[in-house]
Amino acid sequence: MAVVTRFAPSPTGFLHIGGARTALFNWLYARHHGGTFLLRIEDTDRARSTQEAVDALLHGLTWLGLDWDGEPVFQFSRQERHAAEAHRLVEEGKAYFCFASPDELTEMREKALAEGRSPKYDRRWRDRHPDEAPKDTKPVIRLKAPTEGATTIVDRVQGEITVQNSELDDFVLLRADGTPTYMLAVVVDDHDMGVTHVVRGDDHTNNAFRQTQLFQALGYDVPTFAHVPLIHGQDGAKMSKRHGAIGVDEYDRLGYLPEAMRNYLLRLGWSHGDDEIISTDQAIDWFDLDGVGKSAARFDLAKLDSLNAHYIKEADNGRLLDLIAPRLERLLSRSLTAADKTRLLAGMDGLKQRAKTLIELAEGSLFYVDSLPLPLDKKAAKALSEEGRKVLGALAGVLSGVDAWSEEAAEAAVRGFVEAEGMKFGAVAQPLRAAVSGTMASPALFEMLGVLGKEETLARMTAAIEGRIGRESPAA
RNA sequence: GUCCCCAUCGUCUAGCGGUCUAGGACAUCUGCCUUUCACGCAGAAAACACGGGUUCGAGUCCCGUUGGGGACGCCA
């Protein structure tokens, strides 16, 4: 049977890390089996659902590279079908109208809790006749759930779990206003959409018992469940907006590559032996539910950083340039010229070794295209002491005589100068580095000279020699 | 409170009764490399929550304790 999975977020906020991983697992499972990955927007809560959230969700998934098959299904649009199924159950005697008011229910729960019992609906309307109903109360429809025996789910991650039916109550299927509850909508939609595998967060495990009862009452096949452990925040509690969870888009803005995020998320709760760096193609090939662990994981930014650094090193230079260009242009307050781009591309190999995020990459690249009085950090300023500038003055004379400029030619010239003057290499290299980059944390010296070219190198040296090194850098 | 789940280095994890004096990765620390910062390389420190069983033998199976998490809505 062909595999059909689905990701079913509710559009009440952004796509957070936990949701992103759930989506990834569903996507991977479907792709691995050559199946279908569906997207369903669970917008039956009209008060909380927003179009902005829908957009954020789609954007987040797109950024992550998780493409869904077909058009997204909006659950609210299917409410008539949901209601019809609920009424069908009433006709079949498997569900009933309940006229208990919200206040009554709240009271019931509080009393139960106070007496140390489970806060469950006491089934007061299960066997009463609707003509006993209060006149102006609109009823809800509740499932007539089994009161004896037990319900067992076979979960691909959690194993076999059994719950006594006495622990469950007659949950609401259709609200008083005629709209479906989550329980009803999920079950009907999963059935109608042909979903074969329900892969979702651990927080839904308890729902699976109720949904199993509903699947059975409706006469549907029960899909295979796989409840994956939740991702916790640094404090060990469930990720939520209040617990520092940020949207997946936010990681884009913070300079993370989607492939790094995918790799990171994959390893959070899933493993394949000792493998750590796993390309998306490899992940599709390897992914299986058997590799999903049972315990919750904590989100660790440091590990994401290291993965991101890895994927930056692997990334195509042109792509990296495109990714950092907007940030660079903002920093520069002007657009990048063709010459700028050529220069950045030439220096990219050295630059990307030094960045954990695209933000760092952009900041580290800035000096290549910055305009001339370069910002100087403290250490660089120190290297450009009077002594240092004197050395640069002498060196400039030598470098201006280099005809065929290249990284190698520049190096040969500088080394020749050092030897001729009988100086220590650092005494020349440090001021040169400072003059050319404005900082003491930069790519390799001769690489920079090669990328900058003769004219620009000399211009930067001259500016430094003349003390036109004006701009103060905020970074010490 | 009730029910459900989980429990290996700080973190993510390998481990599916003996090959575990417990492996990998991130982070940390130390060296090497080096003109800087990184990268890279080499190395170090670091864990089977506790208590009972079962077994010739338990990180691996069972029970309990403790700890953590989740769920108990006319939210999803």
Side-chain angles (χ1 to χ4, degrees), chain A residues 8-12 42-45 47-49 75 98 100-102 105-106 109 112-121 138-142 155 157-159 161-164 166-169 171-177 179-183 185-186 201-209 227 229-230 232 234 236-238 264 267-277 293-307 309 313 350-356 360 364 379-380 383 414 418 424-430 432-434 437 439-446:
Chain A
S10 62
T12 54
E42 309 225 317
D43 55 352
T44 52
D45 183 346
R48 296 201 301 156
S49 300
Q75 195 158 55
C98 166
S101 70
L105 261 13
T106 307
R109 263 192 295 276
L113 239 22
E115 291 170 8
R117 303 189 335 266
S118 239
K120 298 190 308 259
Y121 170 65
K138 283 227 192 295
V140 299
I141 291 179
R142 286 180 183 271
D155 192 287
V157 173
Q158 308 289 338
I161 312 173
T162 299
V163 147
Q164 295 305 310
S166 58
E167 294 298 328
L168 275 12
D169 64 1
F171 56 93
V172 174
L173 265 22
L174 206 64
R175 298 184 186 110
D177 66 3
T179 60
T181 60
Y182 161 77
M183 287 299 172
V186 184
D202 216 355
D203 50 343
H204 285 287
T205 307
N206 289 291
N207 291 331
F209 297 104
H227 290 95
L230 300 177
H232 291 162
Q234 300 287 7
K238 182 182 178 181
Y264 177 71
R267 284 290 289 108
L268 221 49
W270 180 86
S271 62
H272 183 270
D274 283 338
D275 295 300
E276 295 286 350
I277 303 289
K294 296 179 82 173
S295 53
R298 289 188 191 209
F299 187 79
D300 179 26
L301 202 61
K303 186 132 181 183
L304 210 210
D305 277 344
S306 90
L307 247 8
K313 289 183 194 80
L351 256 13
K352 67 182 181 182
Q353 293 302 120
R354 297 169 167 74
K356 287 202 291 289
E360 289 181 12
K379 283 183 185 167
V414 172
V418 169
K424 282 177 67 177
F425 189 80
V428 177
Q430 302 297 43
L432 218 207
R433 175 188 309 285
S437 73
T439 167
M440 297 309 285
S442 71
L445 181 58
F446 300 118

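Protein chains get the first letters and strands the later ones, always in sequence-line order, with residue 1 at the start of each.
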Taking any strand in view, what nucleotide pairs with [N] in a Watson-Crick or G-U wobble way, both distances under 3.5 Å?
N      : answer
C29(B) : G43(B)
C56(B) : G18(B)
U2(B)  : A71(B)
C9(B)  : none
G51(B) : C63(B)

Which whole number of Å gives the distance between the [atom1] atom of [N] and that of [M]?
N      : M      : atom1 : result
A42(B) : A27(B) : P     : 15 Å
G59(B) : C50(B) : C1'   : 14 Å
A47(B) : C56(B) : C1'   : 28 Å
G1(B)  : G53(B) : P     : 30 Å
C48(B) : C39(B) : C1'   : 35 Å
C3(B)  : C62(B) : C1'   : 22 Å
A38(B) : A45(B) : P     : 25 Å
G24(B) : U8(B)  : C1'   : 13 Å

Per [X] side chain, nearest of listed nucleotides [options]:
X         : options               : result
Ile161(A) : A76(B), C74(B), C4(B) : C4(B)
Ala441(A) : G1(B), C37(B), C74(B) : C37(B)
Arg48(A)  : A76(B), A14(B), C3(B) : A76(B)

List every contact pair, protein side and nucleotides 39-46 of chain B side both N or O, where the distance is under 3.5 Å.
unit_1: C39(B); atom_1: O2'; unit_2: Gln353(A); atom_2: NE2; d: 2.8

Give me, pair by pair, the N or O atoms of the protein and of nucleotides 64-71 of chain B that are less than 3.5 Å apart, along with how far apart they are.
unit_1: G69(B); atom_1: O2'; unit_2: His232(A); atom_2: NE2; d: 3.1
unit_1: G70(B); atom_1: OP1; unit_2: Lys238(A); atom_2: N; d: 3.1
unit_1: G70(B); atom_1: N2; unit_2: Asn206(A); atom_2: ND2; d: 3.3
unit_1: A71(B); atom_1: OP1; unit_2: Lys238(A); atom_2: NZ; d: 2.8
unit_1: A71(B); atom_1: O4'; unit_2: Asn206(A); atom_2: ND2; d: 3.2

Partner residues of Asp300(A) under the salt bridge (charged side-chain N to carboxylate O under 4.0 Å, His left out) criterion, sequence neighbours left out: none
Asp305(A): what forms a salt bridge (charged side-chain N to carboxylate O under 4.0 Å, His left out) with it, not counting sequence neighbours?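 Residues passing salt bridge (charged side-chain N to carboxylate O under 4.0 Å, His left out) with Asp305(A): none at all.
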What nucleic acid atoms does [X] come within less than 4.0 Å of, heavy atoms only: base, sugar-phosphate, or nothing?
X         : value
Ala444(A) : base
Ala100(A) : base
Leu445(A) : base
Gly293(A) : nothing

Partners of His204(A) by side chain to side chain contact (heavy atoms under 4.5 Å, CB included), sequence neighbours excluded?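 Side chain to side chain contact (heavy atoms under 4.5 Å, CB included) list for His204(A), sorted by chain: Tyr182(A), Arg200(A), Asn207(A), His227(A).
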Salt bridge Glu276(A)-Arg267(A), side-chain N to carboxylate O under 4.0 Å: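 Yes.
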Does a nitrogen or oxygen in the side chain of Thr181(A) sit under 4.0 Å from OP1 or OP2 of C74(B)?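 No, Thr181(A) has no side-chain N/O under 4.0 Å of OP1/OP2 on C74(B).
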Strictly below 4.0 Å: does Ser442(A) bring a side-chain N or O up to OP1 or OP2 of A38(B)?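 So the side chain of Ser442(A) is outside the cut-off, no N or O lying under 4.0 Å from OP1 or OP2 of A38(B).
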I need a per-nucleotide contact map over nucleotides 23-31 of chain B, read 5' to 3'. Cutoff is protein heavy atoms under 4.0 Å; write B for the base, S for backbone only, - otherwise. BBBS-----
